[in-house]
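Please read these numbers as outputs of a predicted model, since none were measured by experiment. Values reported hereafter were calculated over all heavy atoms of this structure, with side chains retained and with hydrogens, waters and symmetry mates removed.
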Amino acid sequence: MIRAVVFDVGECLVDETREYGTWADWLGVPRHTFHAMFGAVIAQGRDYRETFQEFRPGFDLYAEREKRAADGKPEWFGEDDLYADVRPALRQLRADGLWLGIAGNQTVRAGGILRELFSDDVDLIGTSDDWGASKPDPEFFKRVAGAVSFGADEILYVGDRCDNDIKPAGQAGMHTALVRRGPWASIQWDSAEARELPTFRVEGLGELSPRVAEFNASAR
């Protein structure tokens, strides 16, 4: 049975349109041009960070984050950047009696923002910077499993990417849900992995509660 639900962050809970728009501005690139290149890089199966290299070879994402912060333009997201179904879905899953967590590839700063937004709503908030391991590294999912109060086979990991979320979480013994939003899910949705690997494929987080209930009923 599924007893815990753990969420990825970017394009699962948080709409990253603002952040990537800010990066386009920082690079001095028109936003639509940046977004087009971003999609092309993902469609080619490349690391999204290569997008920055296309516009500025040698670009150091971590160093540039520090420069942005020093310039008064730090990495940031807030309540208005959450997808509209996030709060209702968390409330319903909590009412269903499920253990809830948030774990994704995020910086220390982003982890602090997540705690401000969600500390009263979930049981766990963990980031790659906290753990020293990033998805899709199996160590990241070992850290998730170790932090959750149930076995790996009782965890549902929810994400928007087959490569970073669904495949490695499944290999770690977890159930998975692929949510159809953001650039990765939009590009990967009709792939064989997206059709075959997830336990669930959902159009939004509001579908999770009934899907988990149905799954658990069949497992009894």
> With sequence neighbours excluded, what pairs up with Thr176 under the side-chain contact (heavy atoms from CB on, under 4.5 Å) test?
Replying inline: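 Thr176 satisfies side-chain contact (heavy atoms from CB on, under 4.5 Å) with Ile166, Ala169, Pro198, Thr199 once adjacent residues are dropped.
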
> What pairs of residues pass the ring-ring contact (aromatic ring centres under 6.0 Å, His included) test when at least one of them lies in residues 69-98, not counting sequence neighbours?
Replying inline: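 As it turns out, there is no ring-ring contact (aromatic ring centres under 6.0 Å, His included) pair with a partner in residues 69-98 once direct neighbours are skipped.
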
>> I need the full list of ring-ring contact (aromatic ring centres under 6.0 Å, His included) pairs touching residues 106-133, with sequence neighbours left out, sorted by first then second residue.
In response: Trp131-Phe140

> His175: what forms a ring-ring contact (aromatic ring centres under 6.0 Å, His included) with it, not counting sequence neighbours?
Replying inline: Phe215

Using only atom types and a distance under 3.5 Å, with no angle test, would you say the side chain of [X] pairs donor to acceptor with the backbone of [Y]?
X: Ser119; Y: Glu116; answer: no
X: Glu66; Y: Tyr62; answer: no
X: Asp81; Y: Gly78; answer: yes
X: Gln188; Y: Cys162; answer: yes

> Would you say the side-chain atoms of Thr22 and Asp25 include a donor-acceptor pair closer than 3.5 Å?
Replying inline: no

Do any side-chain atoms of residues 149-158 form donor-acceptor pairs under 3.5 angstrom with protein atoms, and if so which ones, sequence neighbours left out?
| from | atom 1 | to | atom 2 | distance (Å) |
| --- | --- | --- | --- | --- |
| Ser149 | OG | Trp99 | NE1 | 3.3 |
| Glu154 | OE1 | Gly151 | N | 3.0 |
| Glu154 | OE2 | Arg3 | NE | 2.7 |
| Tyr157 | OH | Ala103 | O | 2.6 |
| Tyr157 | OH | Lys135 | NZ | 3.1 |

> Any salt bridge between Glu11 and Arg161, counting N to O under 4.0 Å?
Replying inline: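 The answer is no: the pair does not qualify as a salt bridge.
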
> Under the side-chain hydrogen bond (donor to acceptor under 3.5 Å, both in side chains) test, which residues partner Asp47, sequence neighbours left out?
Replying inline: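 Here the qualifying residues are Arg49.
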
